[in-house]
Amino acid sequence: QKEVEQNSGPLSVPEGAIASLNCTYSDRGSQSFFWYRQYSGKSPELIMFIYSNGDKEDGRFTAQLNKASQYVSLLIRDSQPSDSATYLCAVNQTSYDKVIFGPGTSLSVIP
Amino acid sequence: DVKVTQSSRYLVKRTGEKVFLECVQDMDHENMFWYRQDPGLGLRLIYFSYDVKMKEKGDIPEGYSVSREKKERFSLILESASTNQTSMYLCASSLLAAPNTGELFFGEGSRLTVL
């Protein structure tokens, strides 16, 4: 079993719709969770982090964490073509101080 | 503005050559990481370091070594490059204390081709 899993996509949504990106992780000791956005040919950049169960909102982005289900998601409201990128879920395995990434989900927002 | 700088954006090397990839950060971060990124496999952790002269193996350390002589500099070494090490290499840094450990700042990447 992979440590961090994501649907590889590609996920296509129309402009203005809600994009939903999902991630599951295997290490129950994980404490902190991150979403990175990576444009083609560029390095990943951090867009959201969440440490506690529940929702965390930042502008058009909402991160959701359910530690019991070992599940974290990212919602992008009012999707824009500029949101087209690969979204990487990352988990800090605190017991090992390692940061492990999922394979990423490719999102395409269609004008 | 925070910055992680990787010395080479593109390298072409021959099988068996020794390869050095350099990374420097100016944020006084304790943690530094080396990942490789391959299509379909995502980012895989090679080595990381949380202090000068300290190093920890990641998930795929075989064929690689690292050096951290100064806090701001973390080098990845391929002792004898092989074609399966052709990849994009990404350096990152973060603060030491969890949960900040996962808030990584990445360099622009070094694309290595081994012929």
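The hydrophobic clustering, which links ILVMFWY residues whose side-chain heavy atoms are closer than 4.5 Å, places B:Y89 and B:V4 apart. In terms of hydrophobic clustering, with Ile, Leu, Val, Met, Phe, Trp and Tyr side chains grouped at heavy-atom distances under 4.5 Å, B:M88 and B:V66 are assigned to different clusters. Residue B:V114 is grouped with residue B:Y64 when hydrophobic side chains (ILVMFWY) are merged at heavy-atom distances under 4.5 angstrom, including chains of intermediate members. The cluster map of Ile, Leu, Val, Met, Phe, Trp and Tyr, joined by side-chain heavy atoms under 4.5 Å apart, puts B:V24 and B:F105 in different clusters.
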inquiry  = Using side-chain contact (heavy atoms from CB on, under 4.5 Å), reason through A:L88 and B:L43 one step at a time and then give a plain yes or no.
reply    = CA-CA 9 Å; A:L88 303 169; B:L43 281 157; 3.6 Å; yes
Test side-chain contact (heavy atoms from CB on, under 4.5 Å) applied to B:E103 and A:F34, step by step = CA-CA 7 Å; B:E103 297 177 37; A:F34 305 84; 3.5 Å; yes
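Judged by distance alone, the side chain of B:Y35 and the main-chain N or O of A:F101 form no donor-acceptor pair under 3.5 Å. Counting only distance, with no hydrogens or angles, the side chain of A:S43 and the backbone of B:G107 share a donor-acceptor pair below 3.5 Å.
At a threshold of 4.5 Å between non-hydrogen side-chain atoms, the residues B:N31 and A:V99 do not count as touching. Looking only at side-chain heavy atoms (C-beta outward), B:L90 and A:P44 come within less than 4.5 Å of each other. A 4.5 Å side-chain heavy-atom check between B:L104 and A:L46 finds every atom pair outside the cut-off.
The 12-atom threshold is exceeded at CZ of B:R44, counting heavy atoms of other residues, nucleotides or ligands nearer than 6.0 Å. In this structure, B:E108 places its CD atom where only 12 or fewer heavy-atom neighbours from other residues, nucleotides or ligands lie under 6.0 Å away. Crowding of B:R14 atom CZ: a count of heavy atoms from other residues, nucleotides or ligands under 6.0 Å not exceeding 12.
With a 4.5 angstrom heavy-atom cutoff, B:Q37 touches chain A only via side-chain atoms. Heavy-atom distances place the side chain of A:Q38, and not its backbone, under 4.5 Å from chain B. Contact of A:Y36 with chain B is made through the side chain alone, with heavy-atom distances under 4.5 Å.
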